[in-house]
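Report on one structure; see the data block that follows.
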Amino acid sequence: MLQLSEIWIYPVKSLGGIALSHAKVTLRGLEYDRRWMLVDEKGTFITQREYPELALFQPSIANDSLVICHRDAIKGSVRFSLSQKNNSPKIEVLVWEDTVKAVEVDTAISAWFSRILGFGVRLVFMPEESHRKVDANYAVSSEDITSFSDGFPFLIIGQASLDDLNARLENPISIQRFRPNFVFTGGSAYEEENWTEFTIDNHTFYGVKPCGRCVVTTVDFEKGIFSGKEPLFTLSKYKKVGKKVIFGQNAITPKEGILQLGDEISVIEKKESLV
């Protein structure tokens, strides 16, 4: 049996993740997942690809607030409401090739991040009326949207896939290196990359594109530094399609709902493996 074993959200793009026991599914991703993002003074998104120290910021949810702490406790923390006022001024920000309408959360919070990072940034929020379309080449519907994620609302990875990779590595790594939303037990390694339709507790998802991996997977999130070539080096030996190393499956859903740990996963349709 395939069973949902972990649920993760990453409220602020490229900061730490939060493990959940249950989560609300929305069309653009899990509730609160990557609805916030740090941008530079030009409004362009920043990530661990260039700034691995972003991994040192750890969010948590307390009541109706999002709290963000730094691993260096002396740097303090910030707190703000999970509900952003709709009348906040809109600004344009850039995430990859997409220009998106967003709002700055609070200038004082932006200043806190700027002081720690050593350059000017703003923390912005994606309001409900801001619809960022997924890549039309992989969309199930012309209405498919996502948050500030790299490209798709959901990412699912099997525990068997991580176990197989770790068996090949000298130093095993955590699933957190890959920033999934869903982790499941059961089944065979990498099978999720072939799923085109599956359900989690009768909630339908469509697998649209195996996830191409980047240098973020090499960040030691406890130290906020690049740790070397792994796991990309090992994955490149047996998980490469064209010029991309793949690990995990991006997914889209047509409806909202609630999922919880232990939910059963059923594969409705799959295709032949790419590797």
Side-chain angles (χ1 to χ4, degrees), residues 1-8 10 29-30 33-34 47-49 95-98 133-142 144-147 149-169 172-200 203-219 228-254 264-275:
M1 184 175 73
L2 308 179
Q3 195 169 39
L4 187 61
S5 58
E6 297 179 38
I7 302 173
W8 290 88
Y10 311 87
L30 294 179
D33 186 39
R34 282 166 276 219
T47 74
Q48 292 180 34
R49 294 171 179 84
V95 51
W96 294 111
E97 292 81 23
D98 298 327
K133 297 290 186 70
V134 304
D135 187 333
N137 293 318
Y138 301 98
V140 176
S141 160
S142 61
D144 290 335
I145 59 175
T146 189
S147 60
S149 68
D150 276 350
F152 299 94
F154 307 95
L155 175 64
I156 185 168
I157 299 175
Q159 182 63 45
S161 304
L162 180 67
D163 292 344
D164 182 81
L165 170 61
N166 277 335
R168 303 166 188 259
L169 295 175
I173 60 174
S174 163
I175 195 68
Q176 290 174 264
R177 290 281 191 102
F178 298 99
R179 303 175 71 80
N181 295 115
F182 304 130
V183 182
F184 67 93
T185 55
S188 57
Y190 315 112
E191 70 165 88
E192 63 274 12
E193 294 163 10
N194 307 321
W195 297 352
T196 54
E197 183 179 351
F198 61 97
T199 62
I200 305 178
H203 189 104
T204 299
F205 291 85
Y206 296 100
V208 293
K209 182 180 180 291
C211 187
R213 310 315 309 211
C214 68
V215 294
V216 170
T217 60
T218 69
V219 173
K229 297 180 179 180
E230 296 293 6
L232 288 181
F233 179 72
T234 294
L235 283 170
S236 68
K237 296 178 180 179
Y238 72 105
K239 291 292 294 175
K240 201 167 186 179
V241 176
K243 295 182 179 180
K244 285 285 188 180
V245 170
I246 63 171
F247 193 87
Q249 176 75 306
N250 290 301
I252 288 170
T253 187
E264 185 173 350
I265 299 175
S266 297
V267 180
I268 308 302
E269 186 177 348
K270 60 184 177 180
K271 60 186 177 184
E272 293 184 9
S273 176
L274 295 174
V275 292

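Values reported hereafter were calculated over all heavy atoms of this structure, with side chains retained and with hydrogens, waters and symmetry mates removed. Keep in mind that this is a model prediction, so the values were computed, not measured.
- Other residues, nucleotides and ligands contribute at most 12 non-hydrogen atoms within 6.0 Å of the CZ atom of Phe233.
- Between Phe205 and His203, the ring planes are tilted. Angles from 30° to 60° get that label.
- Defined by atom type and a distance below 3.5 Å, a donor-acceptor pair is missing between the side-chain atoms of Glu197 and Trp195.
- The salt bridge (Lys or Arg N to Asp or Glu O under 4.0 Å) analysis of residues 229-241, with sequence neighbours excluded, yields the pairs Glu193-Lys239.
- The list of side-chain hydrogen bond (donor to acceptor under 3.5 Å, both in side chains) pairs with a residue in residues 150-166, not counting sequence neighbours, reads Lys13-Asp150, Arg49-Asp150, Trp96-Asp150, Gln159-Asp163, Ser161-Glu192, Asp164-Arg168, Asp164-Tyr190.
- Screening residues 176-185 for salt bridge (Lys or Arg N to Asp or Glu O under 4.0 Å) gives no qualifying pairs among residues at least two apart or on separate chains.
- Screening residues 205-217 for side-chain hydrogen bond (donor to acceptor under 3.5 Å, both in side chains) gives no qualifying pairs among residues at least two apart or on separate chains.
- Residue Phe198 comes nearest to Ala251 through the heavy atom pair CZ-CB, 4.1 Å, listed as atom of the first residue, atom of the second, then distance.
- Heavy-atom neighbours of Lys133 NZ from other residues, nucleotides or ligands within 6.0 Å: above the threshold of 12.
- Among Ile252, Val208, Asp33, Leu30, the one residue that satisfies the side chain to side chain contact (heavy atoms under 4.5 Å, CB included) test with Phe154 is Leu30.
- With hydrogens and angles ignored, the 3.5 Å screen pairs a side-chain donor or acceptor of Ser149 with a backbone N or O of Phe152.
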Kindly list each side-chain donor-acceptor pair under 3.5 angstrom involving residues 265-275, sequence neighbours excluded, with atom names and distances?
residue	atom	partner	partner atom	Å
Ser273	OG	Val275	N	3.2
Ser273	OG	Val275	O	2.6

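- Nearest heavy-atom pair, Asn181 versus Pro153, reported as atom, atom and distance to 0.1 Å: OD1-O, 3.6 Å.
- Partners of Ser142 by side-chain contact (heavy atoms from CB on, under 4.5 Å), not counting sequence neighbours: none found.
- Shortest non-hydrogen contact noted between Gly248 and Leu155 is C-CD1, 4.0 Å.
- Between Thr253 and Thr204, the closest heavy-atom pair is OG1-O, 2.7 Å.
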